[in-house]
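Okay, structure first, notes after.
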Amino acid sequence: MRSDGEEVPDGGWAGNFVGTLRGLLDRPLASYYLLLSSVGLLVFIGLIMVFSVTSVGNYATTGSPFTSIAKQGLWAVVGLLAFWVCQRLPMRTFRALAIPLLLASFLLMSFVDLMGWVAARRTPPGAKVESIHLGPIWVNDLWLGIGDLQLQPAELAKIALVVWGADLLVRKGRAILSWRGLFIPLFPVAVTLLLLVGYNDLGSMICMVVLFTGLLWAAGARLQVFGWLGAFFTAGVVALILLPANKDYRLDRLKVFFDPSIDPKGEKGRYQYLRGLWAMADGGWFGVGLGQGHIKWGRLPHAHNDFIFAIVAEELGVVGCMVVLLLFGMLTYTGLRIARRVEDPFRRLMAAAITIWFVGQAIINIGGVVGLMPITGLPLPFISYGGTALVVALAAAGILTSAARAEPECALAMHARPPRKWVRLLWAPLPPLPRAREDGDSVDPSTRTTGRPSASHSPNGPPRGRST
């Protein structure tokens with residue numbers, strides 16, 4: 001009943017649920033808590049599934065079922081530390097690190113590609129390529145090793161492209177509407193980095209193209225740009241499939257995708273593809289039970305990283321898969337919501353690019369497992385086994401969390417009830433207050449707006465034509 005005495009018709013349970021959901025989403029800290037919960041649950045599910053997949057194999061080879069989960073747990077702790085640092089750093093620090101991160105990515109990727117090319121040239125035809133060792137430093141395909149520590153430089157290139165691309169687009173402003181503004185120096189640098197990554201890791205290059213496209217879309221680039229970008233991307237993928245030596249498996253995966261009955265190399269060509277489908281078929285609606293799957297026992301290659309979603313389907317069934325998909329959907333909604341509401345154009349572009357990076361990589365991985373896309377070898381973000389990927393993903397999530405705290409309503413709410421000093425020292429300092437309006441008044445937290453700043457808030461920022 002309303003205050004004037006007139007009765008309001010009951011909308012039923014569906015109407016009440018929608019009303020409650022809208023009320024929760026209208027709260028100032030909604031984006032912040034949605035982001036923390038979705039990322040936290042994905043990491044938790046990932047640790048459980050990594051232990052489920054690797055425990056039996058570890059026990060058979062090392063005598064302990066905890067070998068792999070101990071390593072992944074250690075990397076998760078390092079990732080949480082990176083998350084904590086990135087959500088504390090001011091944006092000026094990231095902008096200052098943009099060029100050093102880009103240069104480091106170029107150097108590491110060039111070194112990995114060069115060593116891989118030399119190793120391939122010195123290996124006889126048909127033999128397995130042996131890694132090259134330079135003292136404690138060694139290179140094996142996608143990996144750069146320093147003693148017992150293995151790193152994947154392509155993961156660093158993703159976050160470097162996000163930070164450097166967002167900084168450059170913000171500094172250029174409306175100049176990106178011209179071809180000259182895009183070609184000096186955005187396109188040449190980005191394309192060179194993509195080719196360096198794609199020489200050894202085509203899956204990561206495809207993910208970076210999706211990320212780069214999202215960055216341009218958030219900045220408001222013209223539609224013609226995306227047409228040309230699609231053409232260059234297609235030509236680059238075809239060249240990287242056909243030209244590099246010792247990369248025949250790329251063409252084999254493509255053949256198996258278009259016709260699974262074609263087996264380029266005996267049973268080996270389509271083995272992983274079919275085993276992944278069988279694992280999902282065995283799971284049914286509710287799965288065979290956590291830890292009870294059998295196909296992970298040496299019968300599904302890379303079950304702990306590239307094909308971990310197939311094990312989720314086998315052990316947790318359709319219900320478990322839906323939980324994972326809903327969490328990624330919640331992460332996508334939250335990231336785009338942050339990008340739409342935050343005022344600072346640099347934060348806005350980074351938030352949009354990071355969100356599209358996560359959802360794009362998840363779609364590519366899951367699409368390959370279920371047979372809707374060719375297999376690319378990309379890990380599932382936050383869930384697959386792999387230290388470098390987990391640490392970089394959590395660092396990017398920390399940047400996204402910093403943007404969520406900088407939403408105008410969220411910042412005002414945190415300043416209205418500031419936490420104790422020791423909490424701010426351990427967790428994060430208070431976010432910056434929103435900018436004052438032209439009439440001198442600050443943003444009213446009770447005013448529910450879309451959170452998109454006016455053009456006067458970012459005179460040097462990118463055009464707002466198709467900004468998120």
Side-chain angles (χ1 to χ4, degrees), residues 21-39 83 86-95 162-163 166-167 169-171 173 214-215 217-220 330-356 396-420 423-424 427-468:
L21 183 61
R22 286 179 176 176
L24 292 174
L25 293 178
D26 281 341
R27 293 188 176 185
L29 300 179
S31 299
Y32 178 64
Y33 289 128
L34 283 173
L35 181 61
L36 289 181
S37 58
S38 59
V39 171
F83 177 94
C86 288
Q87 58 97 30
R88 288 180 62 94
L89 292 178
M91 288 299 103
R92 63 178 179 273
T93 303
F94 286 105
R95 300 189 74 168
V162 169
V163 177
D167 176 64
L169 289 171
V170 168
R171 286 191 286 107
L215 195 60
W217 168 73
M330 186 167 72
L331 177 60
T332 304
Y333 165 78
T334 306
L336 295 180
R337 169 190 165 109
I338 295 168
R340 182 171 60 90
R341 290 172 173 242
V342 73
E343 288 185 339
D344 181 60
F346 180 66
R347 292 181 189 269
R348 184 175 66 247
L349 292 185
M350 285 209 302
I354 290 171
T355 303
I356 294 173
I399 299 174
L400 199 56
T401 304
S402 175
R405 291 165 53 87
E407 285 186 10
E409 295 181 2
C410 182
L412 286 171
M414 288 186 171
H415 279 271
R417 297 182 63 183
R420 295 180 180 180
V423 175
R424 296 199 300 270
W427 183 236
L430 290 173
L433 283 169
R435 301 177 185 178
R437 298 188 184 277
E438 292 182 356
D439 57 3
D441 296 331
S442 61
V443 179
D444 183 1
S446 63
T447 304
R448 299 299 178 190
T449 63
T450 60
R452 292 180 61 176
S454 62
S456 62
H457 286 168
S458 53
N460 298 322
R464 304 304 303 269
R466 280 179 298 280
S467 177
T468 49

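Just so it is clear, the model here is predicted, and its values are computed rather than measured.
Residues forming a side-chain contact (heavy atoms from CB on, under 4.5 Å) with Thr355 (at least two apart in sequence, or on another chain): Thr332, Leu336, Leu400. Thr93 pairs by the side-chain contact (heavy atoms from CB on, under 4.5 Å) definition with Leu89, Pro90, Leu97, not counting sequence neighbours. Every residue two or more places apart in sequence or in another chain that forms a side-chain contact (heavy atoms from CB on, under 4.5 Å) with Pro418 is listed here: Arg424, Leu430. Partners of Tyr333 under the side chain to side chain donor-acceptor pair (under 3.5 Å) rule, at least two apart in sequence or in another chain, are Arg337. For Arg95, the side chain to side chain donor-acceptor pair (under 3.5 Å) criterion is met by Asp167, not counting sequence neighbours. Considering only residues two or more places apart in sequence or on other chains, Ala406 meets the side-chain contact (heavy atoms from CB on, under 4.5 Å) condition with Val342, Arg347.
In this structure, Pro434 and Leu412 approach most closely via the heavy-atom pair CG-CG, 3.8 Å. Here the shortest heavy-atom pairing between Ala411 and Pro432 reads CB-O, 3.4 Å. The two residues Cys86 and Ser402 make their nearest non-hydrogen contact at O-CB, 4.2 Å. Heavy atoms only, all atoms of each residue included: Ile356 and Gly214 are closest at CD1-CA, 3.4 Å. Glu407 approaches Ser31 most closely through the heavy-atom pair OE2-OG, 2.8 Å. Taking all atoms of both residues into account, the shortest heavy-atom contact from Ala404 to Ile338 is CB-CD1, 3.5 Å.
To the nearest 0.5 Å, atom CG of residue Leu35 and atom OG1 of residue Thr334 are 6.5 Å apart. Here the CZ atom belonging to Arg27 is positioned 11.5 Å from the CG atom belonging to Leu34, to the nearest 0.5 angstrom. Atom OG1 of Thr401 and atom OH of Tyr33 lie 12.5 Å apart (nearest 0.5 Å). The line from CZ of Phe346 to CZ of Arg92 is 12.5 Å long, rounded to the nearest 0.5 Å.
Looking at Arg405, its side chain does come within 3.5 Å of a backbone N or O of Pro429 through a donor-acceptor pair. A donor-acceptor pair is defined here as one N or O able to donate and one able to accept, closer than 3.5 Å; such a pair exists between the side chain of His415 and the backbone of Pro431.
Residues Met330 and Ser37 have side chains in contact (heavy-atom distance under 4.5 Å, counting atoms from C-beta outward). Here the side chains of Tyr32 and Met414 are in contact, with some heavy-atom distance below 4.5 Å. Under the 4.5 Å side-chain criterion, counting only non-hydrogen atoms from C-beta, Val162 is not in contact with Phe94.
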